Amino acid sequence: MSRATSHAPRRVVIIGGSLAGMLAAAAVKEHVDSVEILEAHELPAGPEPRTGVPQAAHIHWLQAGGAEAIDSLLPGSIDLLMAAGAHRIPVTTDMVIYSPEGWYRRWQRATHYVITASRDLTDLVVREQVLKDSRVTVRTHTKVLGLLGDRRAVKGVRLRGSDGIEAELRADLVIDASGRASRLPRWLARLGLTGLAEERLDSGMVYASRLYRAPVPTRGWPVVGVQADPLLRQPAKAGGILPIDGDRWHVSLMGAPGGEPTRAAEHFEPFARTLRHPILADLLQHAEPLGDVSVTHSTANRRYHYERLGARPDGLVALGDSVATFNPVYAQGMSVAALGALALRDLLATGPTRDLAHRAQRAIARPVNTAWALATGQDIHFTTTRGKRPKLTDRLLRRYVSRVSRTATGSFRAATALTDVLALQAPPASLVRPGVLLAALIGPLRPRLDHPQFSSAERELLDGLPHRETSRT
């Protein structure tokens, strides 16, 4: 077992200049003397793609819980995002969503929101805010090779700099925020720490994404989405259009094995027409494509249970995608990283504490638990899913959540309860509160919508748009 210490860390090293790495720096910088971020690649100066973030090509948004966590870590960041062109979308007021249970109603009383923007812009705003602090520095083109220390305590990292020279860098606390490609399990094994529990659930979903010049003003334009129905026999398909900065639509289409989208531009919009409803294809007929189609197969849910390690070294914490990755369709990754960083900040704010790293890892696991339950609770029911098959309890839970979702199409109480969970502001267990149980028992109070619910102003805009020739795709 590790020897628990109660001193506050003075020097922190963060592996990875990712969004999670920057938020980790924001979390610790007020409580330490110095923070050094080690990044394997160059960090762009503007809102441009960062090497090693393939998921940036696909639709992202910040759930309300994640946005509020970022604003707590870096006050004013959400206002800066909005000023740079991001959108604050009230849920479900400005959402046109076709769920497996039907069209969600656009309630005029918005209880939550999401922030939509390009990943490049989100990264830039956070990065600029963090690096304003003189206590935070970045060393680019630097590869971390392993950990210094032993099974009781991590004392820093071994690295190779841009000059190719290997060196040691000492630290009181090392935070791994290196993302999906994290080598932390291997590094722990070298220290003699084995038995790390891993879970993996892969629906096999393939993503194809493309940017479009929006044919309508994007400010105030709704998110439009068609969700997959895991109970259908044919391969699951889904898709979404997000209004983002630069008067653009960010479009992602998803398909399970046997029904995957391709990289071919001429197939992109025809694939959108094969979803459970053709609304996305209808809208894209009016928009101008910008650039090529990006495709990824890396959509599995995967998590490491660092919080369960029997022997855990002092001085080491993992955060963000290094701990867990989720099927991107659920838009959880950035928000989970932000909530984990906030938990770390709040723990440091209590002052010197014993078992800092261990307690931080347990706190980071809490938002991961919520997001994991949501993502895997849905993905486990796809026929193409590998890693685990649904048990009777999973099927019963799916039937109940489906009933809550159907009720939410015509019940404000049920819609709010469901959104509380999806926004990562309430645990899944909140869906079995007496009030929600009663609402689900009664069912929807308003009639089922049989078409997408656009406002009169939105329909007027759409009716006046010319159709684009498909040959231009």
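Computed over heavy atoms, backbone and side chain alike; hydrogens, waters and symmetry mates excluded. In this text the structure is predicted, and so the values were computed from the model without any measurement. If you read the sequence from its start, that first residue is 1, and numbering goes on from there.
- For Pro49, the side-chain contact (heavy atoms from CB on, under 4.5 Å) partners at least two apart in sequence or on another chain are Asp120.
- Every residue two or more places apart in sequence or in another chain was checked for a ring pair (Phe, Tyr, Trp, His ring centres under 6.0 Å) with Phe326, and none qualifies.
- With sequence neighbours excluded, no residue forms a ring pair (Phe, Tyr, Trp, His ring centres under 6.0 Å) with Trp187.
- Every residue meeting the ring pair (Phe, Tyr, Trp, His ring centres under 6.0 Å) condition with His277, not counting sequence neighbours, appears here in chain and number order: Tyr98, Trp103.
- With sequence neighbours excluded, the residues satisfying side chain to side chain donor-acceptor pair (under 3.5 Å) with His141 are Glu42.
- For Arg183, the side chain to side chain donor-acceptor pair (under 3.5 Å) criterion is met by no residue, not counting sequence neighbours.
- Looking at residues two or more places apart in sequence or on another chain, you find a side-chain contact (heavy atoms from CB on, under 4.5 Å) between Gln108 and Thr93.
- Scanning for side chain to side chain donor-acceptor pair (under 3.5 Å) contacts around Arg106 gives Asp94, Glu458, with sequence neighbours left out.
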Identify every side-chain donor-acceptor pair in residues 329-348 under 3.5 Å, counting partners at least two apart or on other chains, and give the distances.
residue	atom	partner	partner atom	Å
Tyr330	OH	Asp379	OD1	2.5
Gln332	NE2	Ala371	O	3.3
Ser335	OG	Gln63	N	2.9
Arg345	NH1	Ser72	O	3.4
Arg345	NH2	Ser72	OG	2.9

Using residues 15-22 as the side-chain source, report each donor-acceptor pair under 3.5 Å to any protein atom, sequence neighbours left out, with the distance given to one decimal.
residue	atom	partner	partner atom	Å
Ser18	OG	Ala20	N	3.4
Ser18	OG	Gly21	N	3.0
Ser18	OG	Ala177	O	2.9

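- Legend: residues meeting side-chain contact (heavy atoms from CB on, under 4.5 Å) with Arg219, ordered by chain and number and at least two apart, are Met82, His87.
- Evaluation of the ring pair (Phe, Tyr, Trp, His ring centres under 6.0 Å) rule for His58 yields Tyr207 as partners, not counting sequence neighbours.
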